[in-house]
Amino acid sequence: MWVLVFFDLPTETKKDRKIYAKFRKEILTYGFQMFQFSIYLRHCTSRENANVHIERVKKILPAKGHVGIMCVTDKQFGMMEIFRGHDQVKAPETVQQLELF
């Protein structure tokens, strides 16, 4: 399961830019990676794990701006086609993660 966070936050004032930077840094500390500007993604091992990370993002939502959160399965994510110019590139690989009981 992949969690994607899309955001468009205001950056007109110094305070707005500080809020933007803080939000971005916090989602990076939660294990999200930049996919494109203002689009970050994170692989989760299960729906329950995805919900934990979604709730973390919801707790740090800024007062202004637009934030979207979406979950897609590994299969759906694998069907994505990614291009740089006219050249197709490979999608990020699913992280292999061990679970210890």
Original post:
Under 6.0 Å between the ring centres of F7 and Y20?
Top reply: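 Yes, close enough.
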Mind checking whether [X] and [Y] have side chains closer than 4.5 Å, heavy atoms only?
| X | Y | value |
| --- | --- | --- |
| V72 | L4 | yes |
| F23 | L9 | yes |
| L41 | V5 | no |
| P62 | K64 | no |
| H43 | D74 | yes |

Can you measure from [atom1] ([X]) to [atom2] ([Y]) and round to the nearest 0.5 angstrom?
| X | Y | atom1 | atom2 | answer |
| --- | --- | --- | --- | --- |
| M1 | C44 | CE | SG | 8.5 Å |
| I19 | K14 | CD1 | NZ | 13.5 Å |
| R24 | S38 | CZ | OG | 9.0 Å |

Mind checking whether [X] and [Y] sit in one hydrophobic cluster, side chains of I, L, V, M, F, W, Y counted as touching below 4.5 Å?
| X | Y | value |
| --- | --- | --- |
| I39 | F77 | yes |
| W2 | M79 | no |
| L28 | F6 | no |

**OP:** From the options I60, V52, I54, select the one residue that forms a side-chain contact (heavy atoms from CB on, under 4.5 Å) with R56.
**Re:**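 Of the listed residues I60, V52, I54, the side-chain contact (heavy atoms from CB on, under 4.5 Å) partner of R56 is V52.
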Original post:
More than 12 non-hydrogen atoms from neighbouring residues, nucleotides or ligands closer than 6.0 Å to CZ on F37, yes or no?
Top reply: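 Incorrect, the count does not exceed 12.
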**OP:** Measure up the H53 and F32 rings against each other and bin them: parallel (under 30°), tilted (30 to 60°), perpendicular (over 60°).
**Re:**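 The rings of H53 and F32 stand perpendicular, inter-plane angle above 60°.
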**OP:** Take Q33 and Y40 through the side chain to side chain contact (heavy atoms under 4.5 Å, CB included) test and state the conclusion after the steps.
**Re:** CA-CA 5 Å; Q33 304 172 13; Y40 287 73; 5.8 Å; no
Do any N or O atoms from the side chain of [X] and from the backbone of [Y] form a donor-acceptor pair under 3.5 angstrom?
| X | Y | answer |
| --- | --- | --- |
| R42 | V3 | no |
| Q76 | T73 | yes |
| D8 | H66 | no |

**OP:** Consider only side-chain N and O atoms of D16 and T13, and report whether a donor and an acceptor are under 3.5 Å apart.
**Re:**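 Yes, side-chain donor-acceptor contact under 3.5 Å.
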